Participant: 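My structure is below; once you've seen it, I'll send some questions.
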Amino acid sequence: MGADGEKDRQAPPLKGRLLARLAVLIVRHAALVSFVCCVAGIVSLMLLPVLAKSVYVDENALLPGSARATFSHYDTLKAHDLAREIQTLLSSSTDPQKDFRKWLGDRLDALGADYYFHRFCPPTRSFSILGFLSTSHTYEAGKHCLVDGREQTPGVNAVGILRAHQGDGNEAIVLVTPFELENLTAENAIAMGLSLSLLDLLSRALWLAKDVVWVAADSKYEKYTAVAAWLKEYHEPLVSDSSFEGMHYTQDGNSSRDIFFKRAGSITAGFVLEFTRGAGATKVSSLEIHAEGSNGQMPNMDMISVVNLLVSWRQQFHLTLEGVPRIKDWQWLRSVGYVFEIVGKKAAELRKAFLSHAKASFTTAEDYVNGVSVLLRSCWNQMLGVPTGSHGAFRDFQLDAVTLEVVSTDLEHNMDFLTNFGRLIEGVLRSVNNLLEKFHQSLFLYIMVSPNKFVSISTYIIPFGLLLSNFPIQAAALCTSVKATPGSWTRAILVVILVETWSLGNAICPAILFHLFSSAPTRLAVWILLSGLCLAPVFCLRSDAHASDDWYVPLKSLTLGLTGIALGILSAVNFSVALAGALLLVPMCLSAQPFSSSWRALWKPKSGVISRVNAVLAPALTCFPLLVVLTILARESAGLWSFVELMWFWGSALYVSAFLVFLPCSILCLYIFFS
Amino acid sequence: MVLQGRRSLALWGGMTLAAIARLLLLMSGASARLSRSVEIATPVTSLVRLEEGFWLKKLGLSPYAGSVYHGSPLLLEIIGPLGANSPILFLLSDFATALLIILIGKRLSAARDHYTHWNIGITHSMLFLTGETLDIGEIAALLYLFNPFTVFVCVGGSTSSFESFVVCLALYASLEGNAPLAAFAWVMASHFAMYPLVLLIPVTSRTFDLATHILCVFFLKIASALCCGPDKPRSKIFRLKSSESLKSSTNVQWQKLWSFILWSAVWSSCVLGLCNRILRHDGGLGEMLRETYGFILTVKDLTPNIGVYWYFFTEVFDFYRSFFLMVFHGNIFCMIAPLSICFYHRPIFLSFILMAVVSTLKSYPSVGDAALYLGLMGLFTHELSDFKYAFLLLNSYICVAALGPVMFNLWIWRGTGNANFYFATALAYAFVQTILIVESVNSMLRFERGLKLTIKTTLSSSKKDN
């Protein structure tokens, strides 16, 4: 009792209910709490590859590997024959387009498949000056396409539909094989041959319950465009005069039957098969999975786990995910990995000692570095928001798809590999064929660490949450610590609104400048000039409110609040962008203070350690983004405009967040710093 | 003069900016995108549905065929022929609402001056520098015009802005004591959206003081004299002062009551007659009532929105449906009596609170309702000067407003979220609004208590001096 009384006398007593007391306690020690949160956030971020879970098949109906694959060497031989046939056809023909189409049509007809040719044009990358919010991509094809102001022939997808023996025609699985007729590589020819040979096998399969749609995607204008155009026509048929015109316009010699668009029920899943020549002289063939769609959307994790399960069960492949190769040379990362390995070993021993049934597994340093490399690559892809392949087009229609890319140097002589790949595809198709209903209730929000490990949202949200929690804590601490003067809130709100409006204008500006000027450097220059001129008045907006030392407190707390909200919401849209934003903005926002007050804090004898450190770091952290932007402008000004255009075209979350979150936040911090 | 110049510059400059923002948004093609958003266009207020109803009517069918249109036939006749030009009408109605708010603010500040000359210390609002540059009405009008909710609703093709205008007209007319206009606007507002029915007491309390009189006499037996006028402290506070000037205004104006009732009857019969004439070939008044009021009350359309009804009524057993309908709607009507008793002397504040309650608990809410009450809230910058959690609420409104569309997108378009994600946002919105209501009522009560205390102390000190 006595001790309690003494304690009460030392600090002002905390009143109110427990929750309120806790809140007051946190707010009082805000600096310490946010320091701990930051450190814990960074550490748990580093731990992500260690905390990754093993992939599992969530949907019971998939039953991967429950039947024996029938794809044999005979089918592989057939694939080789077909590939050779294509190559000889193309080399001898005078009109390869027409001959190839006829050949493909005959082949598909022989399999008993419905087939047709789908014509499309790449979308024009233009925005109307007004109405830029309501434009959407169209792939409508006339006789010619206008690409960069020149007339070109439209792309033509060949589509074959195998009607299932057992099915009711309500569901379909899509196989996509991109090809480029103008410069058909040997790998591409084999991919076509293998797909046709697979279709041949499937046409005889009795177990097939879903229709199989094979799309030979003409990747004349990018692989994505071809698949996106076909999917858009599949789901949103455009009924207009021109589409009827397109029906009459037939390929010479082909009947109009080949042009008529046919469908096969709702699409369950899509697989894109790609064969590429591996770089270097390595003879090892490997299979790479690509899954990131537009804006970092991932397909249902079962798509990856089924492939992974079949591969690891048969032990025939080297399954990989794209990584950042340079990271593997980083020594410090390796040593961090060693630390985690040692700690993990000890933890595993302890677990074994207490729980005899527990599996003693730990992450080795090698696994850790590989995990970090794959994780960073995946995050980078998600952050850019540009799909990593044509599977991204499926995700725009809520369909799940992955790209299976075979990387090999010597496919012609690697029969076993091809046969195994064919078996794998057959097995995966058979699994998906077993599905009774739409993929659901599985993971969509995850990041892959290795082909058999993933980090789900429940894990990766922890470091992000720790970083994000700084914003409300600091905002509350600021709000309660200083009694604001009457005008300061009005002014703060005004400044914030002005800066936000300015950023919004900045975000829309490229779409308008696109029309007014033709060359990229002019556009960029006008853009920077305009935004600079518009921003100048805001920085001139100073008044007598500066009289008090704490005038910036409302402004800072508003900035913190808005940034926190924006990042939180962003994490639901595109986690990687939000995480990058948090890493960038947390130190900047927290350390933001006027130069004069940090100067004073540095020399005042009474100021504490944290405020001194803050005073030293604040200028560096606040000016950091400005310096980065300036260096990029100086070095990469040519590429910058095309990058902006790319981001706008894909509707990337990075674009939106860069202009509506990062930019206003850093400008506000600079405003606080310089005034 | 300089002050006057800055003031008018701020006001007119602000209005021009607001108009420019709306026009820019209209030209940028945002309306096509916004009109699809469930936060902006409800089944009752959607302009797309109105156009559909207009076409049905033109084809000789009932506008209510196929459960597409659920608004008033009068709106069909007014807005329908405008077609694509109708946003201009909403733009004009937004500015008319802002003007009405300015006028209401003028009346309120006149009334406030009336009681502040006793040197009652009123703390200045933390948020706004009132009294220096802008009148409260002007602040409220600018807040209303610049509120993103108002802008989006105006651009996004929803009749909400029109409804807000009629509601504000009713409040203004009742402050002016203009019985025919007040009755007209009240009848129209109730006809368009049903919920303004609850504004009967605030609307009449100024014009006649009767509803409050009845409430006081019969329910509370407070036989205190009623004073009329716009928002002002409780009459009891004035009686402490026993001011001569107030006694004159404490009589109940029976004559005006009768004229209000009469005019209400006249206007409602006019409106109903007109509707009947419009719908004479297809269903008449019965179908109209079924499809408008009935549609609102029975919650037939369970399209997700920012309200709390849809999630519950998709789940509830049919057996209990009518019971829970009564419970849900009863919530609103339960609030009327206690709030009216508490704030009968502040009709505009009472209508602000009632509109907020309605917006929280109505069956098809949109952000347009929030736009109206947030605009009216600006009128009380003095009274709500010690409003707690202002920063928190500001952030929560921003958060919920941004989170709603994102969650909807995750659920409907991306397929990675589900209904629970979106309903969580709707719940958060309801929660935020509830805090706003509770905290507004609390601050107003605190303000009145402080006022009472100040007057008491000044009185006692003056007595001592004597």
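Please read these numbers as outputs of a predicted model, since none were measured by experiment. Just so we're on the same page: letters track the sequence lines, and every chain starts at 1.
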Participant: Provide the closest heavy-atom pair for B/Phe391 versus A/Ala475 in the form atom of the first, atom of the second, distance.
Facilitator: CE2-CB, 3.9 Å
Participant: Check each atom of B/Ile412 against the heavy atoms of chain A and say whether the ones under 4.5 Å are side chain, backbone, both or neither.
Facilitator: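 For B/Ile412, backbone heavy atoms alone lie under 4.5 Å from chain A.
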Participant: What heavy-atom pair brings B/Val406 and A/Ala572 nearest, and what distance separates the two atoms?
Facilitator: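 Scanning both residues completely, I find the closest heavy atoms to be CG1-CB, 4.2 Å.
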Participant: Which pair of heavy atoms, one from A/Leu562 and one from B/Asn395, lies closest together, and at what distance?
Facilitator: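 That closest heavy-atom pairing would be N-OD1, 4.3 Å.
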Participant: Do the side chains of A/Leu558 and B/Leu394 get nearer than 4.5 Å, heavy atoms only?
Facilitator: yes
Participant: Could you tell me the separation between the CG atom of A/Leu445 and the CG atom of B/Leu410, rounded to the nearest 0.5 Å?
Facilitator: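 That separation rounds to 7.5 Å.
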Participant: For a quick test of reading the model, state the closest non-hydrogen atom pair linking A/Ile569 to B/Cys399 and the distance between them.
Facilitator: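 In this case the closest contact between A/Ile569 and B/Cys399 is CD1-O, 3.7 Å.
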Participant: Run the side-chain donor-acceptor check on residues 497-509 of chain A: report pairs under 3.5 Å with partners two or more places apart or on a different chain.
Facilitator:
from: A/Thr501; atom 1: OG1; to: A/Ile497; atom 2: O; distance (Å): 2.4
from: A/Trp502; atom 1: NE1; to: A/Ser531; atom 2: O; distance (Å): 2.9
from: A/Ser503; atom 1: OG; to: A/Val499; atom 2: O; distance (Å): 2.7
from: A/Asn506; atom 1: OD1; to: A/Trp527; atom 2: NE1; distance (Å): 3.1

Participant: Do side-chain atoms of B/Arg414 reach the backbone of A/Gln297 as a donor and acceptor pair under 3.5 angstrom?
Facilitator: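 The answer is no, because no donor-acceptor pair under 3.5 Å joins these two groups.
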